[in-house]
Amino acid sequence: MLDLKFVRENPAIVRESLEKRGEDSEILENFLKVDEERRRLLREVEPLKNKRNELSRQIGRKKQKGENVDAYMQEVKEISSLIKEKEKQVEEKEREVKEALLGIPNIPHSSVPPGKTSADNQVVREWGEPRRFSFTPRHHWDIAEELGIIDFKRAAKISGSRFAVYWGEGALLARGLIQFMIDVHLRQGYEEVYPPFLVNRASMTATGQLPKFEEDMFHTDMELFLVPTAEVPVTNLFREEVLKEDDLPVRLVAYTACFRKEAGSYGKDVRGLTRQRQFDKVELVKFVHPDASYQELETLLQDAERILQLLEIPYRVVALCTGDLGFSAAKCYDLEVWLPSEKRFLEISSCSNFEDFQARRANIRFKPREGKEKTRYLHTLNGSGLAVGRTIIALLENHQQEDGSVLIPEPLRPYLKGKYTLEKKQV
RNA sequence: GGAGAGGUGGCUGAGUGGACGAAAGCGCCCCGCUCGAAACGGGGAUUCCGACUAAACGUCGGAACGGGGGUUCGAAUCCCUCCCUCUCCGCCA
């Protein structure tokens, strides 16, 4: 959510932002209209309220002196009913203003490359050489099934499509990767939290999943939603709170399972682990001073990259263009890993600076060190570090051997009981 | 699930129908004392919205004491409802 006054006073900036994102400016024009109407109504109601308050005070004073106040009471009663009517209109307008404001996306940072679609995203850097294969590299689902570490068929039987059963060393691999990633991030200075996987509507709204994306979310009775990412419970840890400047930055790492209906993606990535309804992810979340947020974004990105480097998986960093930027983000980098079987890159992490967009919505503030300064909204950032399922894809594909086995990068071995390779079970 | 208690500013906590935006304490800011600090003394500060203004950290007004609704001339205070927290009992991995 943008600041109301900022939007009102800088419609040109917001209009330009919408244009860069390739969005209609109608939401803005509508906001300006209802905001004006709301203020007009306030100018009518507030003087009435003033009069009512004034008269009520007089009634109190006169009553104490034992004077008759019937005439006053009559007058106030009339004013009150008038106020009640107008107040209804004000409330209606306020709802409209809020809704309009919530519908306006964040303003892209000046460093975000202009563009319309993902084709306009800018490659910032590449790491690692895609390996030259002496055989035709196979898809991860074939490798996994042959190794007997993932069972898609039985997953479909017990849960339906877009689920996986990790079996034996597959289960160990998934758990080991989670542990490995968390350990790396702990060394980078993050603190671990392990939050609930079910959250309430207020939390989903504060981070922006609701109301816009309700279709994509699983929700249960009791008004609880399955988290689509750890970003939701972790960012909401400090909802409605005021932190001390000295406590900033707060850097957290969290593992959660993530749940998404993938309702709008029928027929897309149906095979394998790429697009699951349930998947594991280790997430990095930061709460920082506004002056530090862009620097923190760079280190967040590097902290996520470190995982891929340790796993020896070739990847590239892409700066999303204005047209591809998420609704709440002011700037976003994607990490994309190389898939030899498809000769393309696959998104494995998304690292964003939301500036104060989420903080305003979630009401997360900090008290500046100098006490005379007002409390301000802090900046929030988050990024995957990393999506576990997709990491397994990259690992299997990039480290596959001709005989069907898969080499395990050295830093991961301690998490897999010292194994050097994943191999077919000998029958 | 049953019974009870409670939700007030950055924090603790008083306030049960009218001068309460809210005592007191802690914490914070400014000034004095001091070489400096602590202690002490004095002073200051809630947030949001609107109007005026070139603009205001300025003036005036409105709103806000968990959320929503109601009673009343007037609600932090009374009533209803929802949410949450705590204590005890029950159940349970």
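Values below: all heavy atoms of this structure, side chains included; hydrogens, waters and symmetry mates excluded. Note on naming: letters A, B, ... go to the chains in the order of the sequence lines (proteins, then strands), and numbering restarts at 1 for each one.
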Take the protein atom CD1 of Ile59(A) and the nucleotide atom C1' of A75(B), then report the distance between them rounded to whole Å. 15 Å

So, is the end of the Arg201(A) side chain (NZ or CZ) under 6.0 Å from the ring centre of Phe225(A) and within 45° of the ring's axis? no

OP1 or OP2 of G50(B) under 4.0 Å from side-chain N/O of Arg8(A): yes

Remember a base hit wins even if backbone is also touched, and classify Lys62(A) as base, sugar-phosphate or nothing at under 4.0 Å, heavy atoms. nothing

Candidate nucleotides C73(B), A19(B), A63(B), ranked by approach to the side chain of Arg61(A) - the nearest: A19(B)

Whole-Å gap separating P (C48(B)) and NZ (Lys98(A)): 15 Å

Touch class at under 4.0 angstrom, heavy-atom based, for Arg52(A) against every strand present: sugar-phosphate

I need the CD1-C1' distance between Ile83(A) and U72(B), as an integer number of Å. 14 Å

In this structure, which one of Leu2(A), Val14(A), Val7(A) forms a side-chain contact (heavy atoms from CB on, under 4.5 Å) with Phe31(A)? Val7(A)

With rounding to whole Å, what would you report as the distance between A22(B) and U12(B) at their C1' atoms? 15 Å

Using a cut-off of 6.0 Å, state whether more than 12 heavy atoms not belonging to Glu44(A) lie near its atom CD. yes

Can you say whether the rings of Phe259(A) and Phe197(A) are parallel (under 30°), tilted (30 to 60°) or perpendicular (over 60°)? tilted

For A45(B) versus G25(B), give the span between their P atoms, rounded off to a whole number of Å. 16 Å

A5(B) and A93(B): how far apart are their P atoms, nearest whole angstrom? 32 Å

Which one, G18(B), A51(B), C49(B), comes nearest to the side chain of Glu46(A)? C49(B)

Quick check on side-chain contact (heavy atoms from CB on, under 4.5 Å): which of Asn106(A), Leu101(A), Ile104(A), Asp356(A) does Met1(A) satisfy it with? Leu101(A)

What contact category does Ser80(A) fall into here, base, sugar-phosphate, or nothing, at under 4.0 angstrom with non-hydrogen atoms? sugar-phosphate

Please compare Leu4(A) and Lys84(A) by the position of their nearest nucleotide in RNA chain B and report the one closer to 5'. Leu4(A)

Would you say Arg57(A) reaches A19(B)'s phosphate, i.e. side-chain N/O to OP1/OP2 under 4.0 Å? no

Side-chain ion pair, Glu146(A) and Arg138(A), N-O less than 4.0 Å: yes

To the nearest Å, give me how far apart CZ (Arg39(A)) and C1' (C49(B)) are. 11 Å

Between G66(B) and G62(B) - C1' atom distance, rounded Å: 22 Å

I'd like the P distance from G27(B) over to G21(B), given in whole Å. 28 Å

Base, sugar-phosphate or nothing for Asn53(A)? Non-hydrogen atoms, less than 4.0 Å. sugar-phosphate

Can you measure Lys367(A) atom NZ to U46(B) atom C1' for me and round it to whole angstrom units? 9 Å

Under 4.0 Å, heavy atoms only, any strand: does Lys5(A) hit a base, just the sugar-phosphate, or nothing? sugar-phosphate

Using whole Å, report how far CZ of Arg95(A) lies from P of G68(B). 11 Å

Mutual orientation of the aromatic rings belonging to His139(A) and Trp141(A) [parallel < 30°, tilted 30-60°, perpendicular > 60°]: parallel

In whole angstrom, give me the gap between the C1' atoms of C88(B) and C11(B). 29 Å

Separation of the P atoms in G43(B) and A24(B), to the nearest angstrom: 12 Å

Which whole-number value in Å describes the distance from Asp246(A) CG to G10(B) P? 18 Å

Name all stems that contain residues of RNA chain B, defined as runs of 3 or more consecutive Watson-Crick or G-U wobble pairs, both distances under 3.5 Å. B:1-7 with B:83-89, B:10-12 with B:24-26, B:28-32 with B:40-44, B:46-52 with B:58-64, B:66-70 with B:78-82

Atom-pair distance (CD on Gln74(A); P on G74(B)), nearest Å: 12 Å

Under 4.0 Å between any heavy atoms, over every strand shown, what does Arg360(A) touch: base, sugar-phosphate, or nothing? Just pick one. nothing

Assign each of Lys244(A) and Leu42(A) the nucleotide of RNA chain B bearing its closest heavy atom; nearer the 5' end lies the nucleotide of Lys244(A)

Does Glu54(A) CD have over 12 foreign heavy atoms under 6.0 Å away? yes

Just checking Phe366(A) against Tyr377(A), ring centres under 6.0 Å apart? no

How far, in whole Å, is G70(B) from C30(B) if one measures between their P atoms? 47 Å

Does Lys77(A) have a side-chain nitrogen or oxygen under 4.0 Å from the phosphate oxygens OP1 or OP2 of C73(B)? yes

